[in-house]
Amino acid sequence: MYRFARRLMALGLACVAVGAQAQVPSLPASASSVATPTAVPATPGTETPELNADDLSRFFDGLIPFALERGDLAGAVVSVVKDGDVLLARGYGRANLATGQVPSPDSSIYRPGSISKLFTWTAVMQQVEQGKLDLDADVNRYLDFAIPPRNGKPVTLRQLMTHTGGFEDTASGMFPATAAGVNLEAYLKAHMPRRIYDAGMYTAYSNYGCGLAAYIVQRVSGERFESYVDRHIFQPLGMRHSTFLQPVPANLEPLQAIGYKTASDGVPKDFEMINPAPAGGLSSTAADMARFMIAYLDGGGRDGTAILRPDTVRLMHTRQHANAPGLNGMDLGFYDEDRNGQRIVGHAGDLDYFHSDLHLLLDAHVGIFVSFNSLGNEAGAHVVRKEILRRFLDRYYPRPAKHGATLPNAAEDAARVAGWYRSTRRNDSALRLFYLLGQTSVSPQPDHTIVVSAFTDAAGAPLRWHAVAPLVYRDAAETTTLRFVADSDGSIRYFATDEEVPVAVFQRIDWAGALGSVLLWLSLSSGLVFAAWFAWPIGAWMRRHYRRSLPFAPRAMRFRLISRLAIMVLALEVVGWAALLTYVLAKDAIPLLQGGITPALYVLYAWGVLALIAVAVIVAHAVGTWRAPRRGRWVRLGEGLLALGALYLAWFIVAFGLVSFSTAY
């Protein structure tokens, strides 16, 4: 759930770049493989192993311990179900490094993160079945506050469930410092994000939208959301070790797995409080999650414990929105994850220190849940969990790769799609600068393939994509597709891919706002300003040392002094934002997620206004220098270049919202 807020911010800041989606982090070379001989997938020409308890044990007993060691992960729990039975439920590594406790699939409580949303969507559909909710009605019908329409288009529950409500992303208040800060109603009313797209236009993953849906359930059912889920989902399914309460009740507290950044670090992390709780606040066990998977694979449940009707489950597993033709899309609350010829739905979940995946192979009647209680080295948990599904499918449901021929005009298409792109999942109000650093590039290669900076393999090497149709690319293994979508005039609008879950698309950015050009001109402009700032005291010292003075009239001297002070003001604006970015990164984005950077934003916004005034002074002084007699060509050139640099910084300050005075982040 919070992978975006955390990984996009942290990785973006580290690049001062989420190449945002350097969103596919990689393990270092030492961790480039997560398999052992016992976990090697089936190969073409060999007999496909039978999916049974014995072979699963060999598969996971080889795969997971090796992955934990190489990924520097503390522990993991896994559960696999098939045809209504639990084939495997096992813990690996340590749930608590201090005590050496091995995770128990039955009792060790992990944090599934955004997989929590599946329970929220289940609750929504229960109310739809009862006729209390209409998926296509304006959500304002059910609220005691208003979600403003955009271009006359309201938001519906169906759009909330497919993340197409058009909301910008938010981070502030997501991780409250204390339990007192966990309040669904208060959070929703205080942190309403701006809608930056028309409803139904693009997928843009929204934790707020899920919280909104849960609040609607709370209002129409008359029950607090946490109690509703307990009574209508957990209890019927026998999920006795699951709760949305934060912190967990006293009887479950001793069962909590401890979160860690890495196993080698070994520093235990506090229980992570989440807002809005229905989007990511669940605490559960692998065994309880197995019960939930079985219920969905059985069409809503069985033996008198059904939580939904079969036709409702079928609807939830039917595609509602596609980002591009032929790609995985969004069902009602579930991601499409089709692969190896299997129809798959699922969801991922991320907090800071817990990282999880849930997948349902609908036709095979198989479910897989895995959760790790640490992030690992270079975000190793994300690499490992992706590889688990891929290797599982390649072993038990192999499908020969389709090898398509590269198009003869591949070079033309590669040049056409080259450039910079930004995710639709972003904040445009207060964090435009942060999300600038999250752009991803598409680069043509000499062999007419393309490389997309967001996507790498498990070893961290960039994936190469070859053209198989106009504006359609496949990876080298022929397992995933990337498709560019053009406007009617032929210009590229965005690209989408099933290499990652379908929660966003990547929009083309014009030259001026592209990270490559911005970094170039920002570096040059800042360099000029800092050079002038440093030259001021150095020049003064040299003149004093050699007993020289500037041959200017008093008025010109005063104007020059003011311009140098203006340079200092502009330089400090750059320093201030760089310091804020560095601070947020050093604190692992906690100040951002707890809303603690608001005072700093106001100070920087106010200083930004002074910086714009300073730019006017610098430009005026440069004009005066050019008009003044007896000024040397090098002086004029220097002042002119300084003025151009200052003007670019003024554009940058305005274009990226550094004077927006918005704290909607």
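From a predicted model like this one, the values you see are computed outputs, not experimental measurements. Just the heavy atoms: all of them, side chains too, but no hydrogens, waters or symmetry mates, feed the values below.
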TODO: For the pair Asn275 and His191, evaluate side-chain hydrogen bond (donor to acceptor under 3.5 Å, both in side chains) and give the outcome as yes or no after the intermediate values.
DONE: CA-CA 10 Å; Asn275 268 328; His191 295 277; over 6 Å; no
Task: Intermediate values then yes/no, side-chain hydrogen bond (donor to acceptor under 3.5 Å, both in side chains), Glu168 and Ser429 - done: CA-CA 8 Å; Glu168 69 176 344; Ser429 293; 2.6 Å; yes
- [ ] Please assess Thr440 against Ser453 for the test side-chain hydrogen bond (donor to acceptor under 3.5 Å, both in side chains), listing each intermediate value before the final yes or no.
- [x] CA-CA 6 Å; Thr440 191; Ser453 61; 2.7 Å; yes
Task: Stepwise side chain to side chain contact (heavy atoms under 4.5 Å, CB included) check, Thr164 with Met330 - done: CA-CA 9 Å; Thr164 57; Met330 284 297 306; over 6 Å; no
Open item on the list: Evaluate Gln439 against Ile509 for side chain to side chain contact (heavy atoms under 4.5 Å, CB included), listing each step before the verdict.
Closed with: CA-CA 9 Å; Gln439 293 179 14; Ile509 305 168; 3.2 Å; yes
Open item on the list: Walk me through whether Tyr473 and Asp413 qualify under side chain to side chain contact (heavy atoms under 4.5 Å, CB included).
Closed with: CA-CA 10 Å; Tyr473 290 79; Asp413 267 10; 3.5 Å; yes
- [ ] Go through the steps to decide whether Thr598 and Tyr665 satisfy the test side-chain hydrogen bond (donor to acceptor under 3.5 Å, both in side chains), and finish with yes or no.
- [x] CA-CA 9 Å; Thr598 297; Tyr665 62 92; 3.0 Å; yes
- [ ] Would you please test Thr262 and Ser374 for side chain to side chain contact (heavy atoms under 4.5 Å, CB included) and show each step?
- [x] CA-CA 6 Å; Thr262 62; Ser374 46; 5.9 Å; no
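Using a 4.5 Å heavy-atom threshold, the side chains of Leu647 and Val615 count as touching. In this structure, Leu188 and Met192 have side chains that are not in contact, with every pair of non-hydrogen atoms separated by 4.5 Å or more. Residues Leu463 and Thr456 are not in side-chain contact: their nearest non-hydrogen atoms beyond the backbone lie 4.5 Å or more apart. Side-chain contact between Arg555 and Phe559 is absent, with no heavy atoms from C-beta onward closer than 4.5 Å. Counting only heavy atoms from C-beta outward, the side chains of Val451 and Arg464 approach each other to under 4.5 Å.
In this structure, the side chain of Asn151 does not engage the main chain of Lys153 through any donor-acceptor pair within 3.5 Å. Under the 3.5 Å distance criterion, the side-chain polar atoms of Thr424 are matched with a main-chain donor or acceptor of Val505. The main-chain N or O of Ala664 is found under 3.5 Å from a side-chain atom of Asn427 such that the two form a donor-acceptor pair. Side-chain atoms of Asp457 come within 3.5 Å of backbone atoms of Gly460 as a donor-acceptor pair (strictly under, hydrogens ignored). Of the possible polar contacts, one joining the Arg195 side chain to the Pro148 backbone as a donor-acceptor pair under 3.5 Å is found. The backbone N or O of Ser662 lies less than 3.5 Å from a partner atom in the side chain of Tyr605, making a donor-acceptor pair. Remark: the backbone N or O of Arg636 is paired with a side-chain donor or acceptor of Trp626 at under 3.5 angstrom. Judged by distance alone, the side chain of Asn183 and the main-chain N or O of Ala186 form a donor-acceptor pair under 3.5 Å. When atom types are taken as modelled, the side chain of Arg150 and the backbone of Val155 share no donor-acceptor pair closer than 3.5 angstrom. Counting only distance, with no hydrogens or angles, the side chain of Thr625 and the backbone of His621 share a donor-acceptor pair below 3.5 Å.
Summarising the geometry, atom CD1 belonging to Ile613 is positioned 12.0 Å from atom CG belonging to Leu570; distances are rounded to the nearest 0.5 Å. In this structure, CD on Gln594 lies 11.0 Å from CE on Met273, to the nearest 0.5 angstrom. Atom CG of Leu592 sits about 11.0 Å away from atom OH of Tyr583, to the nearest 0.5 Å. A distance of 8.5 Å separates CG of Leu212 from OG of Ser206, quoted to the nearest 0.5 Å. Between Glu185 atom CD and Leu143 atom CG the span is 10.5 Å, to the nearest 0.5 Å. The distance from the CG atom of Asn377 to the CG atom of Asp265 is 12.0 Å, given to the nearest 0.5 Å.
The pair Asp352-Lys261 does not meet the salt-bridge criterion, since no charged nitrogen lies less than 4.0 angstrom from a carboxylate oxygen. Using a cut-off of 4.0 Å between Lys/Arg side-chain N and Asp/Glu carboxylate O, Asp169 and Arg426 are scored as not salt-bridged. One finds no salt bridge joining Arg416 and Glu412 here, because no Lys/Arg side-chain nitrogen approaches an Asp/Glu carboxylate oxygen to under 4.0 Å. Salt-bridge annotation for Glu500 and Lys386: present, with a side-chain N of the basic residue lying under 4.0 Å from a carboxylate O of the acidic one.
The two residues Gly513 and Leu436 come nearest to each other via the heavy atoms O-CD1, 3.8 Å. Closest non-hydrogen pair, Val617 versus Ser563, comes out as CG1-CA, 3.8 Å.
Counting only N and O atoms by type, the side chains of Thr481 and Arg474 include a donor and acceptor under 3.5 Å apart. Counting only N and O atoms by type, the side chains of Thr203 and Asn323 include a donor and acceptor under 3.5 Å apart. In this structure, a donor-acceptor pair under 3.5 Å is absent between the side chains of Asp498 and Thr480. No donor-acceptor contact under 3.5 angstrom links the side chains of Asp475 and His466, judged on distance only.
Remark: Trp521 CH2 is loosely packed, at most 12 non-hydrogen atoms of other residues, nucleotides or ligands lying under 6.0 Å away. The number of heavy-atom neighbours closer than 6.0 Å to CD of Gln445, taken from other residues, nucleotides and ligands shown, is above 12. Counting non-hydrogen atoms of other residues, nucleotides and ligands closer than 6.0 Å to CG of Asn140 gives a total above 12. Within a 6.0 Å radius of NZ in Lys269, more than 12 heavy atoms belonging to other residues, nucleotides or ligands are found.
Classified by interplanar angle (parallel below 30°, tilted 30° to 60°, perpendicular above 60°), the ring pair Trp651/Tyr648 is tilted. Using bins of under 30°, 30° to 60° and over 60° for the plane-to-plane angle, the ring pair Tyr208/Tyr187 lands in the tilted bin.
Note: Phe506 and Tyr494 fail the aromatic proximity criterion, with ring centroids not under 6.0 Å apart. In summary, the aromatic rings of Phe495 and Tyr421 are positioned with their centroids under 6.0 Å apart.
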